[in-house]
Amino acid sequence: MQSGYRFCASKILEMIKKNKTCLHPIRKLRLLIFFLVGMFSTLFAQHPTGYTSFKPGQEWLADDGLPIDCHGGNILYVDSLKTFFWYGEHYGNPRGAACYSSKDLYNWKNESVVLEKGEIEICERPKVIFDNVNKRYVMWFHYDGNRYSIAELGVAVSDKPIGPFKLKKHFRPNGHESRDIGLYTDAESSKAYIGYAADHVNRTIRMVELSGDYLDVTKNDVDVQAHCEGPGILKKGNTFYLLSSACTGWAPNPGTYYTAPSLMGPYENQGSPFIGDAGDNSFNSQPCYIFKIPGFRNAYLYMGDRWNGAGSTKSQYVFLPITITPEGKMEIHFYRDWDLSIFTPEKKK
Ligand code: GAL
């Protein structure tokens, strides 16, 4: 529609310029006004949001004026492009995994569906990682059937962050059931790991190291005895923090965090990090990822989904800052409206 408008407008402008029309000057003026109004509304429609903060649980529109439809996913920062890419479940048409891009984490451009669900019955919690050696983007996701009994990991690949991703394979990691997944990359070694809700219908979380090219799992795969879904992982100092939800389907529940001296455990249950969580439901959200925000010191972004009964185009997001206190406790406080100025910028090298 916008490009149709642009085409007509450019033709009209061309005619006016070349004075090829035999229109009355008043009609020419009207056409010019139509053109100018159209041009400004087109420009406005491309940047309708202008957000300067996060508003957890509230409406969040993308550049297309529609609610961001990108659930259960992760954010990847691509330094060479100075751009954040947000991947997640897309409930609109076509169903699959969506990608949005942003320069500031508040305003997002819809980059469209990058992996179409097609014949895959369940395609949930996509997580994308960049393979800097082979220069390709690898997506891992929860691959399943409508009854959630296939319980596999799916792997898809693209040479561009905005897809399209091509499904390579799907399988049970080392023979274990796998449903909700989290992703952690060690910045120093570039090794990547997937935490996955595993056997006996998510009775525990297993942590598995990926192969060097991120296309497979290795045998370094342990039951970390954490319970049980939506795992998010961060490392502060020498301590690993694993945040997870309980297992109540789409309904929110009290979250729990665990700490360990190594990513592979042993993990110790530390209770809920959600401070002042009156509903005892993780501020009505379920964790999907912890994003370490570049450019700030110890800036960890809690990414949670407010499913509102089930995943849908309008399920909202609860994005909040995660604090690790001087005593090493994880705390997540609720803010109705907050921005990145609460973090301390990293000193420029
Ligand atoms: C939740 C899970 C969601 C989705 C849902 C289906 O426990 O975290 O990702 O799979 O169950 O009921």
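Whatever order the structure lists them in is the order used to number ligands and atoms, beginning at 1.
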Scan residues 301-311 for pairs that pass side chain to side chain donor-acceptor pair (under 3.5 Å), counting only residues two or more places apart or in two chains. Ser285-Tyr302, Gln286-Trp307, Asn308-Gln316
Check ring-ring contact (aromatic ring centres under 6.0 Å, His included) between Tyr300 and all other residues, then give those that pass, not counting sequence neighbours. none
List, one per line, each side-chain donor-acceptor pair under 3.5 Å for residues 327-336, sequence neighbours excluded.
from: Glu327; atom 1: OE1; to: Thr325; atom 2: OG1; distance (Å): 3.3
from: Glu331; atom 1: OE1; to: His333; atom 2: NE2; distance (Å): 2.9

Using heavy atoms and a strict 4.0 Å limit, residues surrounding ligand 1 turn out to be Glu124, Arg125, Tyr148, Asp180, Glu229, Gly249, Trp250, Gln286
Scan side-chain atoms only and decide if His142 and Tyr196 contain a donor-acceptor pair under the 3.5 Å cut-off. no
Going by an N to O cut-off under 4.0 Å, is there a salt bridge joining Lys135 and Asp159? no
Can you name the one residue among Val128, Ile162, Ile75 that meets side-chain contact (heavy atoms from CB on, under 4.5 Å) with Phe85? Ile162
